[in-house]
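Chain naming here is simple, since letters A, B, ... match the order of the sequence lines and numbering starts at 1 in each.
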2 protein chains.
Amino acid sequence: MQKNKLPTIKEIAKRLNVSVSTVSRALHGHPSIGLVTTMRVQKIAEEIGYEANKSAIHFKERKTYTIGVIIPNLSEPFFSSALSGIEDIAEKHNYNVIIGQSLDNFEREKRIVENMKDHRVDGVLVSLTKDTSTYEHFENLKKYNIPVVFFDRVPARKDINFVACNLLSGMLQAMAKLVKAGHKRIGLINGPAKLAATLQRVEIYFKCLKENNLPIDQDIMVSTSLAKSDNVKAIQKLLALDERPTAVIVFNDYVVLDCIAAVKAAGLEVNKDISFISFANLPIWEYMDTLPLASIEQFAHSQSVIATEYLFKMIDEPGAGYGTDKPYLQHVIDSEMIDYSL
Amino acid sequence: MQKNKLPTIKEIAKRLNVSVSTVSRALHGHPSIGLVTTMRVQKIAEEIGYEANKSAIHFKERKTYTIGVIIPNLSEPFFSSALSGIEDIAEKHNYNVIIGQSLDNFEREKRIVENMKDHRVDGVLVSLTKDTSTYEHFENLKKYNIPVVFFDRVPARKDINFVACNLLSGMLQAMAKLVKAGHKRIGLINGPAKLAATLQRVEIYFKCLKENNLPIDQDIMVSTSLAKSDNVKAIQKLLALDERPTAVIVFNDYVVLDCIAAVKAAGLEVNKDISFISFANLPIWEYMDTLPLASIEQFAHSQSVIATEYLFKMIDEPGAGYGTDKPYLQHVIDSEMIDYSL
DNA sequence: TTGTACGCGTTATCAG
DNA sequence: CTGATAACGCGTACAA
């Protein structure tokens, strides 16, 4: 029935027996168009409910006014909160945001990048899969002049733009606190080996031990794929040790949640038999009865906002050198211990 | 430096001294093109790294292969989980998803709808603002043949497509459980008046009281704007009553979180001095020590998936009558009590 | 002050 | 088998 008969500039021109350019200019209030004509045009534009087809304009401008966001999983508060920040900034720039969930799957990540390139987004924000260790799919975007900024889960390279968290600062505070409380045997539950953050955690862990003159003991270092069952296994391994750690650094708050449950299930008491410190600072701690001693804030929102703002710099001033060589964005946010033991 | 010199079909044509149509057909493996020509074309296409400009194709097809999602807030797990489901389905249909956060602000919602229309999305999914009570901005989309499906927070109308939760079924189970446990004074903490769900809650509340031969008492009915401070005020009002309720139906799990905290702060014990039942079934309950007696699952994921699939039916078969009159989607999911008291 | 012509990248139609 | 041309909706340099 209703044919796709959307009002166009052409339609208006026909009705008024003027040219499309006149209509176009009239609609934009161009000074060179006579007042009467302008009014007449605007009048029927109003009447027939004309509204410019942005996608046509974008096509012509060879821009889409859209940025792409690639993240592992929307269901994780960390990422949805980041996305929320991104959308905020994009909206201020009159940009749209399209999303792609990699689901921590490298192949999917590649497909999503491909798709975003096909759609000619004007820029891309990425938080990597835990399995991403090559970056050609992103290189490809350079060919299309599509700027990329990584955040949080970033490649281990120097020729890219990223914003991430320096976990050390907060961790040092936390560690000092543990040592002061008398902990001498401090374990580590780390994440998947391929994640850059995992390596970082080890480094920090070592550094902190050293800083406090504590020995390194491989027995109390375990890791998890981040799957729930694996989290439980990890903590259980530690609990089963003859000489178990009295405190544990944990990859993130989600893992700690499972650890706490497992400790309770084992008939032990959190913060007495064993204490935890982890990374993320989930908003729910506020409501929990049993929490880690401290959590190292990761600033999902700040990270994403900074990344997005830089992305827009690159988009708005192409050729200004942003994102190339010297002015690479390599923003590292100092982390911060949030003390829950008070 | 690098001019926007992306390889196009035209470029290939020039290099080979053939027409663009030949190139186009060769690229698509059209049978009418000679094998040699086809090969030659594909060869340099490969060489110069040609990739079709989808946005040009979409422009020509007058489709964007993009759907819009309008939700109050990405930071709420309920909505991010819904969005996750939407993105999943869209991806299967090779569609993109653009998002808009209304932040529960009616004016923003209008702007977002406008924006999505400007961008000519092929369809829209909406969960309303708590202040939305008029729907002209959506009517407008009809003019552009952009189908709309509402989910969860839906308009109180019959001439639209929606999927929502019937909260009654789960609630009846929960209520039966309360009564069986001896509760006779059951209060209500409701949400903002403008939200359709608020009215629904009252109806259910009344119905359940009646079903169980309990009297209605205005004193134990309060409401909150959903802001934290307001949540606390609401529960405190109930706690301050001479004869306070022994159990309370609460608008949703987020409000309960604040209630529980307030109860503890008042030196009372949850599930002893006062019990709660609410709506949402947050994933974190699993990890909490203090939880409501039960939570009525809202099925964020299911709702959004069903809504999205119907949206694609409308998109894929326009004129098939979907979304008009008889085949309006008015899918109501029966809710389900999740019992946490075991 | 207004109109003509062109370009954005692609596909479809019609001719040859 | 291949090419020229129109069309999608709009903006704009150039011409009148």
Side-chain angles (χ1 to χ4, degrees), chain A residues 3-42 44-45 48-66 117-122 144-145, chain B residues 3-42 44-45 48-66 117-122 143-146:
Chain A
K3 279 270 183 188
N4 270 356
K5 275 288 186 183
L6 296 188
T8 75
I9 206 178
K10 205 184 281 180
E11 175 68 17
I12 300 181
K14 197 182 297 174
R15 296 218 195 184
L16 261 58
N17 276 318
V18 295
S19 76
V20 288
S21 40
T22 304
V23 175
S24 174
R25 286 185 281 235
L27 255 16
H28 292 308
H30 194 286
S32 78
I33 300 293
L35 191 57
V36 270
T37 326
T38 302
M39 300 262 282
R40 290 208 312 149
V41 168
Q42 288 180 344
I44 54 150
I48 66 177
Y50 168 80
E51 316 206 36
N53 183 337
K54 287 242 171 95
S55 76
I57 298 175
H58 297 168
F59 169 59
K60 187 178 167 52
E61 290 183 353
R62 279 180 279 177
K63 288 194 63 173
T64 53
Y65 294 94
T66 299
K117 181 212 61 200
D118 284 346
H119 278 263
R120 303 289 196 269
V121 295
D122 294 340
Y144 286 82
N145 295 320
Chain B
K3 278 271 184 188
N4 270 354
K5 276 288 187 182
L6 296 188
T8 75
I9 207 178
K10 207 183 278 181
E11 175 69 17
I12 300 180
K14 197 182 295 173
R15 294 219 195 182
L16 260 59
N17 276 318
V18 296
S19 75
V20 287
S21 25
T22 303
V23 176
S24 173
R25 286 185 283 235
L27 256 15
H28 292 305
H30 194 287
S32 77
I33 299 295
L35 191 58
V36 270
T37 326
T38 303
M39 301 260 284
R40 293 210 309 150
V41 169
Q42 288 180 345
I44 53 149
I48 67 176
Y50 168 80
E51 316 205 37
N53 182 338
K54 287 244 170 95
S55 75
I57 298 175
H58 297 168
F59 169 57
K60 190 178 165 51
E61 289 184 353
R62 278 177 277 179
K63 290 194 62 173
T64 53
Y65 293 95
T66 300
K117 181 212 60 200
D118 284 347
H119 279 263
R120 302 291 195 266
V121 295
D122 294 341
K143 226 179 58 191
Y144 286 82
N145 295 320
I146 301 175

Of all the heavy-atom pairs spanning Y144(B) and L6(A), show the shortest one and how long it is.
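Y144(B) and L6(A) have their closest heavy atoms at CD2-CD1, 3.4 Å.
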In terms of heavy-atom contacts, D118(B) and E51(A) come closest through OD1-OE1, 4.2 Å
Just N and O in the side chain of [X]: are any of them under 4.0 Å from OP1 or OP2 of [N]?
| X | N | result |
| --- | --- | --- |
| S24(B) | dG9(C) | no |
| K10(A) | dC8(D) | yes |
| T22(B) | dT2(D) | no |

Check your understanding: At what distance, to the nearest 0.5 angstrom, does CD1 of I44(B) lie from CZ of R15(B)?
Key ->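 Reported to 0.5 Å precision, the distance equals 6.0 Å.
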Separation of [N] [atom2] from [X] [atom1] (nearest whole Å):
| X | N | atom1 | atom2 | answer |
| --- | --- | --- | --- | --- |
| F59(B) | dG7(C) | CZ | C1' | 11 Å |
| H58(A) | dC8(D) | NE2 | P | 20 Å |
| E51(A) | dG9(D) | CD | C1' | 15 Å |
| H28(B) | dT13(C) | NE2 | P | 14 Å |
| K54(A) | dG11(D) | NZ | P | 11 Å |
| N53(A) | dC8(C) | CG | P | 19 Å |
| K63(A) | dG11(D) | NZ | P | 16 Å |
| R62(B) | dT11(C) | CZ | C1' | 13 Å |

Other residues, nucleotides, ligands: >12 heavy atoms within 6.0 Å of K14(B) NZ: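 Count not over threshold, so no.
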Report the nucleotide, chosen from [options], that has the shortest atom-to-atom distance to any side-chain atom of [X].
| X | options | result |
| --- | --- | --- |
| A52(B) | dG9(D), dG3(D), dT10(C) | dT10(C) |
| V18(B) | dC8(D), dG3(D), dT10(C) | dG3(D) |
| S32(A) | dT1(C), dC10(D), dT10(C) | dT1(C) |

Heavy-atom nearest nucleotide on DNA chain D taken for K60(A) and for T38(B); more 5' hit belongs to T38(B)
With nearest nucleotide decided by heavy atoms, which residue, G34(B) or E61(B), maps closer to the 5′ end of DNA chain D?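 Nearer the 5' end of the strand: G34(B).
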Tell whether S21(A) reaches the base of dA5(C) with its side chain through a donor-acceptor pair below 3.5 angstrom. no
Would the base of dG3(C) count as contacting R25(A) through its side chain, where contact means a donor and an acceptor less than 3.5 Å apart?
yes
### Task
Determine yes or no for a side-chain-to-main-chain donor-acceptor pair under 3.5 angstrom, with R120(B) supplying the side chain and K117(B) the backbone.
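Between the backbone of K117(B) and the side chain of R120(B) there is a qualifying donor-acceptor contact (under 3.5 Å).
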Have a look at T37(B) and say if it touches a base, only the backbone sugar-phosphate, or nothing, with a 4.0 Å heavy-atom cut-off.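 If one applies the 4.0 Å heavy-atom cut-off, T37(B) turns out to touch the sugar-phosphate alone, with no base involved.
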